[in-house]
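Just follow the structure's listing: the first ligand is 1, and inside any ligand the first atom is 1.
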Amino acid sequence: MGGRGRGRGWYYKQRYGGGGKGGGGGDLGDGGSFGESTSGPAHLQPDRDDHDQIGNSPSGEGHIRGSVSNLRAALQQIHGKGYKAYHDIKGRWQGLGFVLCVDRVQGDPFAAPSCCRVQVPGHIAAFPSQLWQDKIRRTALCDYLTRTFAGIVSAAGGDTQQQAGGWHGEKGGDMQVDMPGQHVLERTSILINGQGDVEARFTVGLPARGRSVLGDWAANILTADLPRYVKQGLHWASQDAAALRMHLDCVEDTQSLRDALPGLGLVSFVGDGAVLPRASGASDCPMPARQAVPFKSPINLSVEMSLPNRGLVRGLGVKSGVTLIVGGGFHGKTTLLRAIEAGIYNKIPGDGRELVVTDPNAIKVRAEDGRRVEAVDISPFINNLPYGRSTTCFSSDDASGSTSQSANIQEALEVRATTLLVDEDTCATNFMIRDARMQALVAKEKEPITPFLSKIKALADLKVSCILVIGGSGDYFSVAGTVLCMEDFACRDVTADAHLIAQQFGDIPALQEAPPYGRIAARTPYSIHPPSEDSRGRGIKVSTKTIHTISYGSIELDLNGVEQLAEKSQTRAVAFALQLIASQLAARHGRNILQLIEQIDASIDDQGLDILSPQLKCCDLARPRRFEIAAALNRLRTVKLKQ
Ligand code: ADP
Ligand code: MG
């Protein structure tokens with residue numbers, strides 16, 4: 001076959017780079033002998049009433065149409081016919097040791113690829129129950145299997161897309177498994193239910209020449225290649241047991257480290273030996289070991305923790321309250337904060353940040369000029385705007401640096417953030433400080449901004465901690481519980497020095513009055529998009545273009561300010577969550593943002609990520625936090641909110 005195409009899922013590859021980590025080390029089996037069964041004749045008529053039932057359970061999803069050999073016969077029969085004939089293969093097919101579900105068939109060769117699932121019963125997949133009974137280990141196992149399954153398909157060239165020969169040439173033929181990045185998240189790519197049944201989801205670009213079905217080729221993919229991948233990738237017997245165990249142990253350790261934070265009065269922990277810097281600004285992989293300076297905690301801030309698998313670990317304990325990360329430019333401040341930001345997620349072994357964990361309710365806040373703000377009470381920070389414009393219910397289609405940062409903080413507190421992460425690099429200066437000379441020049445009543453510095457103690461009273469990267473404004477020394485200094489990528493405790501300097505320099509005007517924090521208003525959406533956008537009554541069409549861009553109906557939703565989104569698969573889930581909120585708005589009338597996102601979170605806990613896309617069992621969703629869903633809703637330019 002000439003002109004093989006781009007290979008490894010082009011749209012997944014855009015951001016996350018190469019393929020999987022190679023096969024699971026199992027035996028390759030005999031492609032011909034695995035995957036056929038002898039059950040009844042094919043029902044070759046289109047089975048359009050064969051709707052799937054909701055739920056992850058591989059059982060009870062409607063009848064089996066025939067065996068995989070019947071599917072092969074069906075595909076051979078439509079070979080050369082118009083592309084629409086592929087609809088004939090929709091439904092469930094029995095293979096040897098698995099069921100193949102063809103859920104959605106693409107309308108033409110250029111459309112989004114077709115969605116399929118493979119279900120392997122628990123007694124055949126045979127993963128020991130201790131690997132999947134507990135929620136964290138199950139998530140880690142599914143994540144691990146996704147990586148190896150994707151790797152097996154990729155190593156066999158199964159993800160190679162045919163695209164040569166122009167309009168009349170061959171196209172498609174690729175099978176894509178959603179390849180994860182560095183984070184271990186709850187995903188829809190592979191699921192394991194309470195009986196140990198394994199379900200793998202993927203897409204297939206059903207192959208065509210011009211607009212004609214290439215049935216023989218499709219038959220090879222679905223009835224010869226696929227059974228081999230299933231045996232290699234989804235059976236316990238063919239796994240590299242040591243690698244799998246390491247993945248699960250690593251995730252379990254990270255999770256238990258995070259769970260231990262509140263009991264120790266910490267909001268973050270950065271393990272000794274951690275590799276914090278990334279390979280480049282465009283890669284989330286670790287910087288190569290020969291270049292990276294491993295993290296080492298200052299001795300007096302070191303904390304020891306005992307982990308279930310790894311045993312004793314030591315590292316920097318970041319206490320609740322106010323922590324500053326100071327130091328000269330290019331000495332590693334932002335890199336440390338970034339690792340702390342990402343500490344809300346579990347990582348794969350070898351990431352370098354396996355022992356960096358953060359309060360799961362930590363939210364990064366920044367200035368975000370130009371963002372849309374709707375009905376936010378920003379009065380704790382901004383008052384007396386020109387011409388008496390309201391700041392207790394502030395809206396703007398083009399917020400400034402300081403108003404956007406105030407809104408970001410207020411929105412974070414509205415959904416119960418307990419730690420704020422702030423990097424001076426991405427803040428509005430006038431929001432952060434206002435020094436004595438400026439106060440002397442500009443009359444207080446003409447300055448709308450109460451700087452963040454003035455409110456930081458009041459935030460602590462609300463039990464909200466802050467970790468701030470500060471390179472330029474030493475005024476913050478006076479409010480800091482701990483001051484860390486990054487110097488040549490090494491971390492020192494300079495708290496005592498900073499406090500001494502603060503004393504020597506005397507009072508700071510911004511701290512002379514200590515106003516209470518002020519109001520945090522709960523807001524309720526009453527309309528998400530204009531009625532004209534919803535004319536067909538089926539909800540708005542959403543799609544995810546990049547990790548930070550969702551197209552929502554006719555508008556583009558910019559999520560560049562939502563820095564803790566880690567994977568495009570999460571963004572897809574966020575897009576569906578918005579659609580779900582919009583579709584339920586009438587039924588859930590009067591519920592505020594916090595209630596809506598908590599409801600979604602509880603439903604996902606209960607029923608899995610499929611609740612986000614009731615029409616189709618998606619193969620490429622990863623779980624976002626509720627905060628990122630709220631952040632997306634807040635940035636939607638059409639949403640209408642009231643306090
Ligand atoms: P700052 O915020 O202090 O200006 P950054 O955190 O942006 O500095 O780091 C500057 C550069 O140093 C970045 O290119 C980063 O990848 C690199 N870097 C950061 N930490 C380390 C480290 N521990 N080892 C090696 N390089 C590092
Ligand atoms: Mg920086």
Enumerated ligand 1 atoms positioned under 4.0 Å from heavy atoms of Ala292
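Near Ala292, meaning under 4.0 Å from one of its heavy atoms, ligand 1 has 24 (N), 25 (C).
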What atoms of ligand 1 come within less than 4.0 Å of a heavy atom belonging to Gly328?
3 (O)
Taking both backbone and side-chain atoms of Leu336, is any N or O found less than 3.5 Å from an N or O belonging to ligand 1?
no
Is there a side-chain contact between Gln439 and Glu447, using heavy atoms and a 4.5 Å cut-off?
no
Gln291 neighbourhood, listing ligand 1 atoms whose heavy-atom distance to it stays under 4.0 Å:
25 (C)
Distance to 0.1 Å, residue and atom name: give those for the protein heavy atom nearest to atom 7 (O) of ligand 1.
Thr334 CB, 3.9 Å
Treating Arg371 as the side-chain partner and Asn634 as the backbone partner, does any N or O pair qualify as donor plus acceptor under 3.5 Å?
yes
Who's the nearest protein heavy-atom neighbour of atom 8 (O) of ligand 1, and how far?
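The answer is Gly332 N, 3.2 Å.
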Polar contact flag, side-chain donor to acceptor under 3.5 angstrom, Gln182-Asp351
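Judged by distance alone, the side chains do pair up.
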Kindly list each side-chain donor-acceptor pair under 3.5 angstrom involving residues 330-338, sequence neighbours excluded, with atom names and distances?
{"from": "His331", "atom 1": "ND1", "to": "Asp488", "atom 2": "N", "distance (Å)": "2.7"}
{"from": "Lys333", "atom 1": "NZ", "to": "Gly327", "atom 2": "O", "distance (Å)": "3.3"}
{"from": "Lys333", "atom 1": "NZ", "to": "Gly328", "atom 2": "O", "distance (Å)": "2.9"}
{"from": "Thr334", "atom 1": "OG1", "to": "Asp423", "atom 2": "OD2", "distance (Å)": "2.8"}
{"from": "Thr334", "atom 1": "OG1", "to": "Asp425", "atom 2": "OD2", "distance (Å)": "3.1"}

Output the atom name for the N/O/S atom of Asp425 with the smallest distance to the Mg ion (ligand 2).
OD2
Taking atom types as modelled, find out whether Ser320 and Ser465 have a side-chain donor-acceptor pair closer than 3.5 angstrom.
no
Would you say Asp425 has any N or O atom under 3.5 Å from an N or O of ligand 1, going by distance alone?
no
Any donor-acceptor N or O pair under 3.5 Å, side chains Tyr345, Glu567
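The answer is no; no qualifying pair exists.
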Does Arg519 offer a backbone N or O that forms a donor-acceptor pair with the side chain of Gln410 under 3.5 Å?
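Checked: pair present.
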Any luck finding a side-chain donor-acceptor pair between Asp143 and His247 under 3.5 Å?
yes
Does Thr334 bring an N, O or S atom to within less than 2.8 Å of the Mg ion (ligand 2)?
yes
Would Arg278 count as being in polar contact with ligand 1, using the rule that some N or O on each side must be under 3.5 angstrom apart?
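There is no such contact.
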What is the closest protein heavy atom to atom 18 (N) of ligand 1, and at what distance does it sit?
Phe489 CE2, 3.3 Å
So, regarding Met287 and ligand 1 (criterion: nitrogen or oxygen to nitrogen or oxygen, under 3.5 Å), is there a contact or not?
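No; every N/O pair is 3.5 Å or more apart.
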For the backbone of Ala622 and the side chain of Ser569, can you confirm whether one donor and one acceptor N or O come within less than 3.5 Å of each other?
no
Tell me which protein heavy atom sits closest to atom 23 (N) of ligand 1, plus the residue, atom name and distance to 0.1 Å.
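Looking only at protein heavy atoms, the one closest to atom 23 (N) of ligand 1 is Val293 O, 2.9 Å.
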Would you say the side-chain atoms of Ser404 pair up with the backbone N or O of Glu368, donor to acceptor, closer than 3.5 Å?
yes
Please report which non-hydrogen protein atom sits nearest to atom 1 (P) of ligand 1, along with the residue it belongs to and the distance in Å to one decimal place.
Phe330 N, 3.5 Å
Write out the residue and atom name of the closest protein heavy atom to atom 5 (P) of ligand 1, then the distance separating them to 0.1 Å.
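Answer, as residue, atom name and distance: Thr335 OG1, 3.5 Å.
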For ligand 1, which atoms sit closer than 4.0 Å to a heavy atom of Gly329?
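Atoms satisfying the 4.0 Å criterion: 4 (O).
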What do you reckon, does Pro277 have a nitrogen or oxygen under 3.5 Å from a nitrogen or oxygen of ligand 1?
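No, since none of the N or O atoms of Pro277 sits under 3.5 Å from an N or O of ligand 1.
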Does a donor on one side chain and an acceptor on the other come within less than 3.5 Å for Arg366 and Asn560?
no
